[in-house]
Amino acid sequence: MYKYIIRPLLFSLDPEKAHRFTFSYLKFICKIPFVPALLSALFKVEHPLLEREVFGIKFKNPVGLAAGLDKDAKLYKELSNLGFGFIEIGTLTPKPQAGNPKKRLFRLIEDSGIINRMGFNNEGVEAAIERLKQNKNVLIGGNIGKNKVTPNEEAVSDYLYCFEHLFDYVNYFVVNVSSPNTPNLRTLQEKEPLKHILNTLQQHNLQKEKTKPILLKIAPDLTNDQLMDIIEIVKETEIAGVIATNTTIERKELKSHNQKETGGLSGKPLTQRSTEVIRFLHEKSEGAFPIIGVGGIFTEKDALEKLAAGASLIQLYTGFIYEGAGLVKRINRVLLKANRI
């Protein structure tokens, strides 16, 4: 039904309009008393064999929603009814910011991809906190970044601000230094500035009564030498793990007419590369830390390949937009079947 009726209708709209419409509609129907329970019955697959304990957190299933869809924590409760084991919000910045000028979101339908140059558009960390105060049982990851106007030399203060303010409201943190849509942000992936950010956050983390896992989200465009640096940095800073990967700036063998739009590319063109990065990190580190695999998961096979490459958990974004909530259910069913064998 989704692919043949709902998706064509949504894809007839501008991508950002479709996003706002979907959010408004899902928010509206979930206010109807029986609808959340109905959605849960339709899409959730629950079984002890699907549960995973990763970086000290128990996940009901290993399929999460990647950051970028629910930037401001406006729909995490409703989205959790669609079968996700966890929801990652953000990227959040200390101050609200409008992001880059529109048009900034493009579907590459022939390639089953999306290009975005949103630019960390969000209402700020404190607005998200007000919504997260209503959370009762949804497992939340907090993806944090810096404001565009903050110079890289002062970036650590933005990450620390978000960390301190969000600490009581999320289950884990993700440091995003890999978005291609904030000028010069990716230079923070270089060894020394990255170590400074992560060490600072860890120092504050260790002062808490109970620490929270901190993960690093990396770009798929890193070289093998840079990936080896990431492994070293994760071990040295003792953060909990890595999310592999963010969107790519590569444009190889694409068919869509708008393939040259600037921004980060996600979806099927990223499937192979993200799996390669997961496998490289897992093998070269000898499984020293957990990896959340994300990038081009459109089928159950894609999900199994990410997990076989070394991912402990996976996340959906573009595949969810193209395939609908049924994809979450299908993946969890296949995983349950595999675990029963």
Side-chain angles (χ1 to χ4, degrees), residues 1-30 32 35-46 50 61-70 75-76 78-88 103 105-116 247 253-259 261 264-272 274-275 293-307 314-338:
M1 179 179 174
Y2 176 81
K3 289 180 72 172
Y4 299 105
I5 298 176
I6 298 174
R7 189 178 77 181
L9 290 173
L10 292 175
F11 277 27
S12 68
L13 302 173
D14 170 82
E16 282 201 64
K17 287 182 180 178
H19 179 86
R20 290 194 297 270
F21 172 80
T22 303
F23 263 47
S24 298
Y25 180 73
L26 191 54
K27 176 74 76 174
F28 172 75
I29 65 168
C30 283
I32 302 170
V35 169
L38 177 61
L39 291 175
S40 294
L42 285 172
F43 295 111
K44 282 187 177 180
V45 181
E46 294 186 338
L50 283 175
N61 71 67
V63 186
L65 180 68
L69 198 72
D70 190 13
L75 207 68
Y76 63 90
E78 292 81 359
L79 288 165
S80 71
N81 292 323
L82 302 181
F84 290 106
F86 57 108
I87 306 288
E88 192 171 306
K103 187 174 181 181
L105 189 61
F106 308 87
R107 301 185 192 97
L108 277 63
I109 295 175
E110 294 89 344
D111 300 293
S112 297
I114 290 174
I115 291 175
N116 92 81
T247 57
E253 300 177 359
L254 300 177
K255 302 172 185 175
S256 303
H257 70 280
N258 50 359
Q259 61 180 270
E261 293 288 348
L265 170 65
S266 62
K268 280 190 179 180
L270 192 54
T271 304
Q272 182 178 344
S274 64
T275 303
V294 55
I297 300 175
F298 278 64
T299 66
E300 301 93 305
K301 180 175 177 286
D302 296 333
L304 291 172
E305 286 177 351
K306 292 281 192 290
L307 294 166
I314 57 173
Q315 290 178 326
L316 308 180
Y317 182 87
T318 305
F320 176 62
I321 292 170
Y322 274 84
E323 300 294 321
L327 177 60
V328 186
K329 183 177 183 178
R330 293 195 301 273
I331 291 172
N332 278 320
R333 278 184 165 177
V334 165
L335 292 175
L336 181 56
K337 184 179 179 180

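The figures here come from the full heavy-atom set of this structure, side chains too, leaving out hydrogens, waters and symmetry mates. In this chain, residues are counted from 1 in sequence order.
Of all heavy-atom pairs spanning Arg107 and Pro15, the tightest one is NH2-CA, 3.4 Å. Shown here for Ile297 and Gly293, the closest heavy-atom pair between the two residues is CD1-O, 3.9 Å. Of all non-hydrogen atoms in Cys30 and Asn81, the two that sit nearest each other are SG-ND2, 4.3 Å. Closest non-hydrogen pair, Leu69 versus Phe23, comes out as O-CZ, 3.1 Å. Shown here for Ala67 and Tyr317, the closest heavy-atom pair between the two residues is O-CD1, 3.8 Å. Taking both residues in full, the closest heavy atoms of Thr247 and Gly264 are given as OG1-CA, 3.3 Å, listed atom of the first, atom of the second, then distance.
Side-chain atoms of Phe84 and Val328, non-hydrogen and from C-beta on, do get closer than 4.5 Å to each other. Pro62 is listed as a side-chain neighbour of Leu335, based on a closest heavy-atom distance under 4.5 Å. The closest side-chain heavy-atom distance from Leu316 to Ile331 is below 4.5 Å. Side-chain contact between Glu253 and Pro269 is absent, with no heavy-atom pair separated by less than 4.5 Å. Put simply, the side chain of Leu108 reaches to within 4.5 Å of the side chain of Leu265, judged on heavy atoms. Within the 4.5 Å cutoff, side-chain heavy atoms of Phe86 are placed close to those of Gln315. Residues Ile115 and Asn258 have side chains not in contact (no heavy-atom distance under 4.5 Å, counting atoms from C-beta outward). The closest side-chain heavy-atom distance from Leu82 to Leu65 is not below 4.5 Å.
Taking the side chain to side chain donor-acceptor pair (under 3.5 Å) definition, one finds that Gln259 meets it with nothing, sequence neighbours left out. Considering only residues two or more places apart in sequence or on other chains, Lys301 meets the salt bridge (charged side-chain N to carboxylate O under 4.0 Å, His left out) condition with Glu305. Residues satisfying the side chain to side chain donor-acceptor pair (under 3.5 Å) criterion with Ser266, sequence neighbours excluded, are Thr318. When the side chain to side chain donor-acceptor pair (under 3.5 Å) test is applied to Glu46, no partner is found at least two apart in sequence or on another chain. Applying the salt bridge (charged side-chain N to carboxylate O under 4.0 Å, His left out) criterion to Glu110, with sequence neighbours excluded, gives no partner residue. Residues passing the salt bridge (charged side-chain N to carboxylate O under 4.0 Å, His left out) test with Glu323, sequence neighbours excluded: Lys3, Arg330.
Separation of atoms OG (Ser24) and NE2 (His19) is listed at 9.5 Å; rounding is to 0.5 Å. Here Leu307 contributes atom CG and Thr275 contributes atom OG1; the two are 10.0 Å apart, rounded to the nearest 0.5 Å. To the nearest 0.5 Å, atom CD1 of residue Ile87 and atom CG of residue Asp70 are 7.5 Å apart. Atom CZ of Phe11 and atom CD1 of Ile321 lie 7.0 Å apart (nearest 0.5 Å). In this structure, CG in Leu254 is found 13.5 Å from NZ in Lys268, a value given to the nearest 0.5 Å. Taking CG from Leu42 and NZ from Lys329, the interatomic distance works out to 6.5 Å, rounded to the nearest 0.5 Å.
Ring pair Tyr322/Phe298 is tilted by interplanar angle, where 30° to 60° counts as tilted.
In terms of modelled atom types and a separation under 3.5 Å, the side chain of Asn61 and the main chain of Leu50 share no donor-acceptor contact. Lys306 places a side-chain N or O within 3.5 Å of a backbone atom of Thr271 that can act as its donor or acceptor partner. A donor-acceptor contact shorter than 3.5 Å links the side chain of Asp111 to the backbone of Ser256. Between the side chain of Asp302 and the main chain of Thr299, a donor-acceptor pair closer than 3.5 Å is present.
Within 6.0 Å of OH in Tyr2 there are more than 12 heavy atoms belonging to other residues, nucleotides or ligands. Counted within 6.0 Å of CZ on Arg333, heavy atoms from surrounding residues, nucleotides or ligands total 12 or fewer; the atom is thus considered open. Counting non-hydrogen atoms of other residues, nucleotides and ligands closer than 6.0 Å to CZ of Phe21 gives a total of 12 or fewer.
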